[in-house]
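Reading through the structure tokens given below for one structure.
Protein chains get the first letters and strands the later ones, always in sequence-line order, with residue 1 at the start of each.
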There are 2 protein chains.
Amino acid sequence: MRRFRGEAEYKVDTKGRVSIPAAFRRILEEGDPDWSSGLNPNLVIVYGRRNRKCLEGYSIGSIEIVDNLVSNLPRYSKEREILERLLNSQSLYIQLDENGRIILPSKLRKLVDIQTKAIFVGMGEKFQIWNPDNYISDMNLIEKKSF
Amino acid sequence: MRRFRGEAEYKVDTKGRVSIPAAFRRILEEGDPDWSSGLNPNLVIVYGRRNRKCLEGYSIGSIEIVDNLVSNLPRYSKEREILERLLNSQSLYIQLDENGRIILPSKLRKLVDIQTKAIFVGMGEKFQIWNPDNYISDMNLIEKKSF
DNA sequence: TTGATTTCCATGATTTCCCATGATATAACT
DNA sequence: AGTTATATCATGGGAAATCATGGAAATCAA
């Protein structure tokens, strides 16, 4: 399966509408078993990650893989309970609109402090959505830490 | 697997189109699991901002080797997320067109200061794309320093 | 009934696609 | 070897499709 790659910044309007990077749309389409040419693909947004000032987007296909992995963790283990909570309760389905946009509900925008701009960041099997300023800070942190 | 070897300079037009050296095309074709005769191979361009004034091209096969290393780390671990960020956020897929060209997005051209000419440099498992002037300077630097 | 949300349409900018051409090759044939 | 076919290469231009974004009308909810 193709991976989410690259960074792209987009405007967020007052209604919370944002374009999804065109390259990401293709991956969401491929990854959505219900999708076919002419339709608009679905995705899943996970919003509850502690210590992370960002949202995460998954194609239907890749969220199912993650779901299954979690289902195979030992029942009642700490790890499984945390991940199940995150993936099931702190997430929602969203469908792209005709123009390749989604609407970020204001609850989510507040959560990660997104107002007029959002940057989309490829992370392989998923992508992240950040306030561009926060993203830059996070990148600087990462680049300092590693190697 | 065959390695990228040699140097070749090409024009970049106003749309950002550049020919890929014919010899490199053969290697990209071999390295793309989805490729078969008649199709156009894909590659991955990495543009990381670490001091390098050049872009780097990888065949799908060789980038997947790296991807898989990361995929074996525990999901949601700090380590994995940092590596995924560094690998995936600063790169993109590109497909050759019918004539063996790619389109370098203007963002990338600006990043490495490529306007009307680009030189392709074989580096074994990957190749680099430079503004020819910068490449010459870099070469001189290397020659002075080493041996 | 007044915000908020959704649907539909509009548009300039960019990107992609399709075709064209001269330049090198590579092969084939006397 | 010299001449002629045949492919591939490097480059360009214009048409068509897609993209990113904004706004108006229609629908919904309290």
task = Using distance alone, with no hydrogens and no angle criterion, decide if A:E64 and A:Y58 have a side-chain donor and acceptor under 3.5 Å apart.
result = no
ask   = Quick check: are there more than 12 heavy atoms from other residues, nucleotides or ligands sitting under 6.0 Å from CZ of A:R85?
value = no
query = Is the number of heavy atoms from other residues, nucleotides or ligands within 6.0 Å of CZ (B:R2) greater than 12?
reply = no
key: Interface residues of residues 106-121 of chain A with DNA chain C (non-hydrogen, below 4.0 angstrom)   = none
message = Counting C-beta onward and ignoring hydrogens, is there a side-chain heavy-atom pair between A:R101 and A:Y10 closer than 4.5 Å?
response = no
key: Rounded interatomic separation in angstrom, taking NZ from A:K11 and P from D:dT21   = 6 Å
message = Between A:R17 and A:D97 (salt bridge meaning N to carboxylate O under 4.0 Å), is one present in this structure?
response = no
message = According to a hydrophobic-cluster definition based on side-chain heavy atoms being under 4.5 Å apart (Ile, Leu, Val, Met, Phe, Trp, Tyr only), do B:F127 and B:L111 belong together?
response = yes
query = Is the closest side-chain donor-acceptor distance between A:E7 and A:Y135 under 3.5 Å?
reply = yes
ask   = For the pair made of CG in B:N42 and C1' in C:dT16, what is the distance, rounded to whole Å?
value = 15 Å
request  = Take atom CG of A:D97 and atom P of D:dG23, then tell me their distance rounded to the nearest Å.
outcome  = 16 Å
note = A:R101 CZ to D:dG22 C1', in whole Å, measures 8 Å
Single-linkage hydrophobic cluster, 4.5 Å side-chain cutoff, B:I103 and B:L96 together = no
Length of the CD-C1' vector between A:Q95 and C:dT7, whole Å = 13 Å
Between the protein and nucleotides 15-19 of chain D, are there any N/O to N/O pairs under 3.5 Å, and if so, what are the atom names and distances?
from: D:dC19; atom 1: OP1; to: A:R26; atom 2: NH1; distance (Å): 2.8

ask   = From D:dG12, D:dG23, D:dT11, pick the nucleotide closest to the side chain of A:R17?
value = D:dG23
ask   = Could you state the CD1-C1' distance from A:I103 to C:dC8, rounded to the nearest angstrom?
value = 13 Å
message = Can you measure B:D13 atom CG to C:dT15 atom P for me and round it to whole angstrom units?
response = 12 Å
message = Rounded to whole Å, please give me the gap between CD1 in B:I102 and P in C:dT16.
response = 12 Å
request  = Quickly, which of A:K110, A:R109, A:Q115 forms a side-chain hydrogen bond (donor to acceptor under 3.5 Å, both in side chains) with A:D113? Name it, please.
outcome  = A:Q115
